[in-house]
**Student:** 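To start, I am sharing the structure in question, which I have written as C-alpha cells.
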Amino acid sequence: MDRSTFCKTVRVERTDDLTELLENICQDNNINNYFGTISVAAEGVLDFLFATSNKKPEKIKFGFEQCVGGVTISIENNDVSFEALLKKAEQTDKNENTDALVVRLLSDKVRLFSENKGIKLSFLINGIEPELLSCRQELAQQYFNAAKVVKS
C-alpha cells in the first residue's frame with residue numbers, strides 16, 4: 001500500500017477482516033503505535049453495523065487518509081444509517097451502548113457523510129490535548145462506575 005490515501009470496497013463478515021486490513025495500513029504508513037486505537041474504534045463501528053443491519057453487510061466502502069497531524073478512516077454502507085451511533089456517542093449522561101462509547105473515547109473527531117450512510121473517524125497522531133485526555137478519562141470513569149453499580 002504505502003500510500004497516504006487508500007479507498008477500497010471490501011467484503012466484511014466479521015471484525016477480524018477489517019482488523020487485518022488496518023494492520024497492513026498502519027505498518028505501511030509507519031503508524032503502528034496507533035493500530036490498537038484505530039482498530040478498536042473501527043470494530044465499534046462494525047459491531048454497530050452488524051447489530052443494526054438485518055443481515056451482516058457483505059460489502060463496505062473503506063477509506064483511509066493520512067493528513068497533517070493525523071489520520072482518518074471512513075466506513076460506508078448503503079444499508080445502515082450511522083446517525084444513531086453518533087447520537088449515542090454524543091450522550092454524555094448515559095453511555096450504555098459500548099460501541100458508541102468506544103468510538104467516542106478513541107476517536108478525536110467523528111462525523112457523518114453520504115446522507116448518514118458513512119462515518120469518518122479522525123485520530124490525532126501527534127499527541128493529544130490535555131483537555132481531551134481529561135474528558136476521555138472522565139467518560140471512561142463514569143462508564144466503569146455505572147458498570148460496578150449494575151453488577152452489585
Side-chain angles (χ1 to χ4, degrees), residues 4-7 10 12-53 56-57 60-77 79-114 116-152:
S4 60
T5 303
F6 176 82
C7 187
V10 293
V12 178
E13 296 178 12
R14 54 196 166 100
T15 57
D16 291 346
D17 297 336
L18 186 59
T19 302
E20 186 177 328
L21 177 61
L22 283 168
E23 184 176 18
N24 292 333
I25 289 172
C26 287
Q27 281 181 332
D28 291 346
N29 289 281
N30 199 25
I31 54 171
N32 292 331
N33 293 342
Y34 299 93
F35 166 70
T37 302
I38 294 169
S39 65
V40 171
E43 286 178 21
V45 172
L46 286 184
D47 287 344
F48 171 81
L49 187 72
F50 293 154
T52 55
S53 69
K56 286 195 175 184
I60 63 166
K61 186 174 181 183
F62 172 81
F64 168 83
E65 182 178 359
Q66 189 168 16
C67 47
V68 177
V71 298
T72 300
I73 65 161
S74 60
I75 297 174
E76 187 176 357
N77 181 274
D79 298 328
V80 174
S81 171
F82 291 102
E83 187 175 20
L85 177 66
L86 190 60
K87 284 183 180 179
K88 288 178 183 178
E90 291 172 349
Q91 294 174 351
T92 56
D93 55 343
K94 290 186 179 179
N95 275 313
E96 298 167 356
N97 184 303
T98 306
D99 299 331
L101 178 67
V102 164
V103 169
R104 181 166 183 203
L105 287 176
L106 297 179
S107 305
D108 295 301
K109 185 176 181 183
V110 180
R111 70 180 185 90
L112 301 174
F113 66 98
S114 294
N116 302 330
K117 300 294 184 184
I119 188 166
K120 283 191 179 187
L121 309 177
S122 298
F123 304 90
L124 299 174
I125 60 172
N126 289 337
I128 186 169
E129 297 175 6
E131 296 84 22
L132 183 56
L133 178 61
S134 176
C135 178
R136 287 181 178 176
Q137 289 172 333
E138 184 178 322
L139 284 171
Q141 190 62 44
Q142 288 174 3
Y143 176 77
F144 289 116
N145 286 341
K148 287 179 186 176
V149 169
V150 170
K151 287 184 179 180
S152 298

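What's counted below: heavy atoms across the whole structure, side chains too, no hydrogens, waters or symmetry copies. Just so we're clear, the structure is a prediction, and the values are computed from it rather than from any experiment.
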**Student:** Got a donor-acceptor contact below 3.5 angstrom from the Y34 side chain to the I125 backbone?
**Tutor:** yes
**Student:** Starting at CD1 of I60, measure out to CG of N77 and round the result to the nearest 0.5 Å.
**Tutor:** 7.5 Å
**Student:** Take F50 and V12 through the test side-chain contact (heavy atoms from CB on, under 4.5 Å) and record every step on the way to the result.
**Tutor:** CA-CA 10 Å; F50 293 154; V12 178; 3.9 Å; yes
**Student:** Name the residue from N24, N29, I25 that meets the side-chain contact (heavy atoms from CB on, under 4.5 Å) definition with F6.
**Tutor:** I25
**Student:** Please report the closest heavy-atom contact between K117 and F82, naming both atoms and the distance.
**Tutor:** O-CE1, 3.2 Å
**Student:** Got a second to check how far I31's CD1 is from C26's SG, nearest 0.5 Å?
**Tutor:** 4.0 Å
**Student:** Counting only N and O atoms by type, is there a donor-acceptor contact under 3.5 Å from the side chain of N116 to the main-chain atoms of E83?
**Tutor:** no
**Student:** Atom CZ of F48 and atom CG of L86: how far apart are they, to the nearest 0.5 Å?
**Tutor:** 9.5 Å
**Student:** Among S107, S114, S74, find the residue that satisfies the side-chain contact (heavy atoms from CB on, under 4.5 Å) test when tested with K120.
**Tutor:** S74
**Student:** Applying side chain to side chain donor-acceptor pair (under 3.5 Å), name anything that partners T19, two or more places apart in sequence or on another chain.
**Tutor:** E43
**Student:** Considering non-hydrogen atoms only, spot the tightest contact between G44 and V103 and give its length.
**Tutor:** C-CG2, 4.2 Å
**Student:** Going through the distances and angles, do T72 and L121 end up as a side-chain contact (heavy atoms from CB on, under 4.5 Å)?
**Tutor:** CA-CA 6 Å; T72 300; L121 309 177; over 6 Å; no
**Student:** Check I73 against F123 and note the closest heavy-atom contact, atom names and distance.
**Tutor:** CG1-CE1, 4.1 Å
**Student:** Does V40 have any side chain to side chain contact (heavy atoms under 4.5 Å, CB included) partners at least two apart in sequence or in another chain, and if so, which?
**Tutor:** V102, L106
**Student:** I'd like to check L22 versus F62 (side-chain heavy atoms, cut-off strictly below 4.5 Å). Are they in contact?
**Tutor:** yes
**Student:** Quick one: pull up CG in D99 and CZ in R104 and give me the separation to the nearest 0.5 Å.
**Tutor:** 15.0 Å
**Student:** Between E65 and T5, does a side chain to side chain donor-acceptor pair (under 3.5 Å) hold up when you go through it step by step?
**Tutor:** CA-CA 4 Å; E65 182 178 359; T5 303; 4.9 Å; no
**Student:** CD1/I38 to CD/E23 distance, rounded to the nearest 0.5 angstrom?
**Tutor:** 12.0 Å
**Student:** Once you round to the nearest 0.5 Å, how far does OG of S81 lie from CG of L49?
**Tutor:** 11.0 Å
